[in-house]
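Worksheet for the structure shown next.
Numbered from 1 within each chain, the chains take letters A, B, ... in sequence-line order.
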Amino acid sequence: MTDLPSADHQALLSIRDLRVNFGDTEVVHGVDLEVKAGERVAIVGQSGSGKSTVMSAILRLLPGSGHITGGSIVMDGFDLTQADDRAMRDVRGNRIGLVPQDPATNLNPSMKVGAQIGDALKAHGLRDRVSRKRRTIELMDEAGIPEPERRAGQFPHEFSGGMRQRILIAIALAREPQLIIADEPTSALDVTVQARILDHLQTLVDDHGTSLLFITHDLGVAADRTDRVAVMLDGRVVENGDPQEILRNPQHEYTRKLIAAAPSVSATEGVARVTARSQGVEKRGALEPILLVQDVVKDYKLRGQRGQTIRAVDHVSFKVQRGATTAVVGESGSGKSTLAKIALGLEQPSAGKVLINGRAFNDRAARKELRRCVQPVFQDPYGSLNPTFTIERLIDEPLRIFRMGDRTSRRTRVADLLDQVALPRNIAQRRAGELSGGQRQRVAIARALALDSELVILDEAVSALDVLVQHQILKLLRDLQEQLGLSYLFITHDLAVVRELAHHVVVMRRGQVVEEGGVEEVFTVPQHEYTTGLLDAIPGASLTAS
Amino acid sequence: MGRFLLTRLWQSAITLVLASIVIFLGIRLLPGDPATAMAGEDASPEQLAAVRAELGLDDPLFMQYMAYMGQVLTGDLGRSTMHGNPVIDMIGATLPVTLLLATYAMVIAVVFGLLLGVLAERQRGRWPEWFANGAALIGLSVPNFWLGIMAILTLAVGLSLFPASGYVPFRTDPLRALYHLTLPAIILGASVMAVIMRQTRASMLETMQADFVRTARAKGLSRIRVLLRYGLRNSLIVVVTIVGLQLGMLISGTVVTEQIFALPGFGRLILDAVFTRDYPVIQSAVLVVTFGYVVINLIVDVLYSVINPKIRVGGGR
């Protein structure tokens, strides 16, 4: 079982011709991959490319009906595909540590974090309670968690996302494994937190001389942080080599597309595009702004604490010009989503005013009228479409609510809208469950356009999508803006995509606007250090350099 | 935690006061005059007036309620109109039987419900799942009384595994007491067990798919440890709620079960009191049951917060 064809002494992990099935369908078709001792390797690919399946196969933790049908995964001369559960238990945690993707769901909610780290130690023989506790605190400290003694006794929900990810890193490093597999470890976190966590993980890995297998959809991050990149598409490795080499001279067409779509690169082209368009906007935008936010304050009452309030939005003013895009950028907790709700008339500001076409959400009639002008597209295309409705029903719902047209005219309208968002007409009778993430987001956009709304509020509308799909949706949004003269309020945590769409940027932090200006000014000469921090945190510096 | 407990205790106290008012008014609103019921149909107006005065029925309702509560709080629940015994003694004699039966039934239901639920989830598509599902179906759909009679016919009379009826006080002989109560407890707990089994299976199915379960496996933990500390523990949150809700069903179920197995319990006391219109007994019995409900709910809430740290109001954060 250990034939070791190349007898490469340096290879810590050597995957040969790996094939994985789910049920009867093969999803990984003969993957070859090697990780040398101390080396950092990235697997890059979009969702469905099989990159996470490869990772699960290495740990032999394939979900559901997944199983390995062929090939070998050799680690230190030992074929993991042949190992029994007992042997695998010794490999997991002890020799391979896993840093999973989403810190919100990867910790046991009913167990103190110290105990969860301790569990990893206990599983591999550290029986003594006192030394286990000491080591746990050491690990938490190493992972950058302040006051580890106190915080070890807390539950996961008492930690922020970034802190939880640090706990997961501590768990992965607990037994000082030879290999760490990091599965998109920061894609669920804010940009600045992302950069800090990745830096920290890298330092720890380097200090211990651990090898790293880094799984990501972001070529920029991969290029920045690894020695070698393997690009996966449809269950195959299509390109494998030095990251700089791949960036300079991509061999496979898919890699070329990925590089072109990476926000950090296309941003440069984006600026040119946006500038070209701005001139047209200027002419149109001389009129009153479509959305005017003036000195808006929003306070929330704190539950359980009488009379205490928390200020989510603090004297914020900005405007969205007709036919243009204003981006509101900020991390979680900056108040940007509250602002979106206020602009949609779903929340009332505590003070200040919001005018749409010069009108406020004063009474019922005004609210009803204004809701026709403003429509949202939300972040999660899975959560925001009712799974029991057909696509047609989803798109024509606004028309039904406002009692517009009859059955036939609504049907025609839906067909037109599907054309506009470049979806085939025949999906009208299908349900959201049968569509991909990108298609669903197109449906959500079609729904937002159904009432000929002039202003669309895009609340993290592309954040949950793969790079390539994101690129396509952003292009669609730009095209629609040009054709229909739409105005966008684009709310995002991701500065990289801002450049592709926005004319005007508002940077928010803790409820306040810290910087505001044209997209070029903000990107080239940021005034506030927070903005500089956000810009620096955009991954893919090496991408732009090449 | 202390603050949470205090809040819940305060809420329970208010619930009890409100419930006592409802019970008090409910009895007054029943058709028929308690005085007539006590003194008999052909009592003279003078006798009726005497009974009324004795019972305090001439006072305003509020005064009556306060007097009644005063008695209840000092442990005086009045006397049975049928037997003349103090109600508190009758309850004292029957309640332990029912409490023992209900607790026993609950233990059986929880233990077997959890076991079968976990088994059904782990062995999906194999015979243990079919078995567990079958048992749940019987427990849920077959009426208690019929199940009880069948159990007596087969297990008690046919196979002589268990006694068909009768009761031994727990204090006299704990083992024999439990032995006598085993069959009634199984019958009483059957439907609750079925609900727990199904709930456990469903929530285990969900929890075992969770990301943190995979992460736990990736730490190198054994299957059994992952199952217990990561899977079952989180599934219990739902199960505890169900148990709390089902306890109510269990208490009403004792009325039937005690009748079938001829157990001298609280259920039978209530049933007899209703048949003989023994108002003081009904009133006090309902009050005791209400009290029991409130206490159980309190316990469930506290348990819930122990299992699910996010619930703790005022703690953490």
Side-chain angles (χ1 to χ4, degrees), chain A residues 52 55-56 58-64 85-112 115-125 153-159 164 167-168 171-172 174-175 177 181 183 302-305, chain B residues 1-8 10-11 121-122 124-126 203-241 302-317:
Chain A
S52 291
M55 173 218 77
S56 303
I58 297 172
L59 285 165
R60 297 278 309 279
L61 287 175
L62 286 164
D85 194 60
R86 212 184 163 74
M88 275 318 294
R89 256 163 55 196
D90 185 53
V91 172
R92 295 180 198 132
N94 215 10
R95 296 165 71 189
I96 305 179
L98 171 71
V99 181
Q101 177 168 14
D102 185 358
T105 58
N106 273 292
L107 287 166
N108 183 347
S110 66
M111 202 169 167
K112 292 175 180 166
Q116 301 196 45
I117 300 172
D119 244 9
L121 298 166
K122 196 176 173 186
H124 299 289
Q154 291 186 322
F155 288 95
H157 70 270
E158 299 172 62
F159 289 82
R164 287 188 215 185
I167 291 160
L168 286 163
I171 290 173
R175 294 295 298 168
I181 300 181
D183 181 13
L302 280 178
R303 262 186 78 176
Q305 276 142 307
Chain B
M1 194 69 201
R3 202 176 130 187
F4 169 71
L5 207 65
L6 225 63
T7 323
R8 274 310 273 114
W10 172 236
Q11 287 168 348
E121 193 274 330
R122 289 286 85 189
R124 247 169 302 144
R126 277 173 253 173
S203 72
M204 279 296 280
L205 256 175
E206 203 182 309
T207 317
M208 292 307 281
Q209 309 284 334
D211 286 343
F212 62 80
V213 167
R214 193 191 64 173
T215 303
R217 297 266 283 139
K219 288 182 204 170
L221 296 180
S222 62
R223 275 170 198 275
I224 186 77
R225 191 168 170 81
V226 173
L227 187 76
L228 294 178
R229 289 208 64 179
Y230 292 77
L232 194 58
R233 168 118 200 206
N234 286 289
S235 304
L236 280 183
I237 295 169
V238 188
V239 175
V240 167
T241 321
V302 172
L303 255 184
Y304 202 67
S305 77
V306 169
I307 297 176
N308 186 357
K310 281 189 221 171
I311 300 285
R312 273 170 228 172
V313 205
R317 285 248 158 169

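Residue-environment remark: CD (B:Glu206) stays at or below the threshold of 12 foreign heavy atoms within 6.0 Å.
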Taking it one step at a time, do A:Met111 and B:Arg229 satisfy side chain to side chain contact (heavy atoms under 4.5 Å, CB included)? CA-CA 8 Å; A:Met111 202 169 167; B:Arg229 289 208 64 179; 3.4 Å; yes
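Proximity to chain B is limited to the side chain of A:Lys122, based on heavy atoms less than 4.5 angstrom apart. Both the backbone and the side chain of B:Ser222 come within contact range of chain A, judged by heavy atoms closer than 4.5 Å.
Under a 3.5 Å cut-off, the side chain of A:Asp119 and the backbone N or O of B:Leu221 do not form any donor-acceptor pair.
When all heavy atoms of A:Gln116 and B:Lys219 are compared, the pair lying nearest together is O-NZ, 2.7 Å. When all heavy atoms are compared, the tightest approach of A:Asn108 to B:Tyr230 is ND2-CD2, 3.3 Å. Across all their heavy atoms, A:Leu59 and B:Ala218 have their closest contact at CD1-CB, 4.4 Å. Nearest approach of A:Ala123 to B:Gly220, heavy atoms of both residues: CB-O, 3.7 Å. Nearest heavy atoms, B:Arg214 versus A:Pro100: NH2-CB, 4.1 Å.
From B:Thr215, atom OG1 reaches atom CD of A:Gln101 across 11.0 Å, with rounding to the nearest 0.5 Å. Going from atom CG of A:Leu98 over to atom CZ of B:Arg217 covers 12.5 Å, rounded to the nearest 0.5 Å.
With chain B as the partner, the residue from A:Leu107, A:Asp90, A:Leu121 showing the most heavy-atom pairs under 4.5 Å is A:Leu107. If you tally non-hydrogen atom pairs under 4.5 Å between each of A:Gly93, A:Ala120, A:Ser110 and chain B, the highest count goes to A:Ser110.
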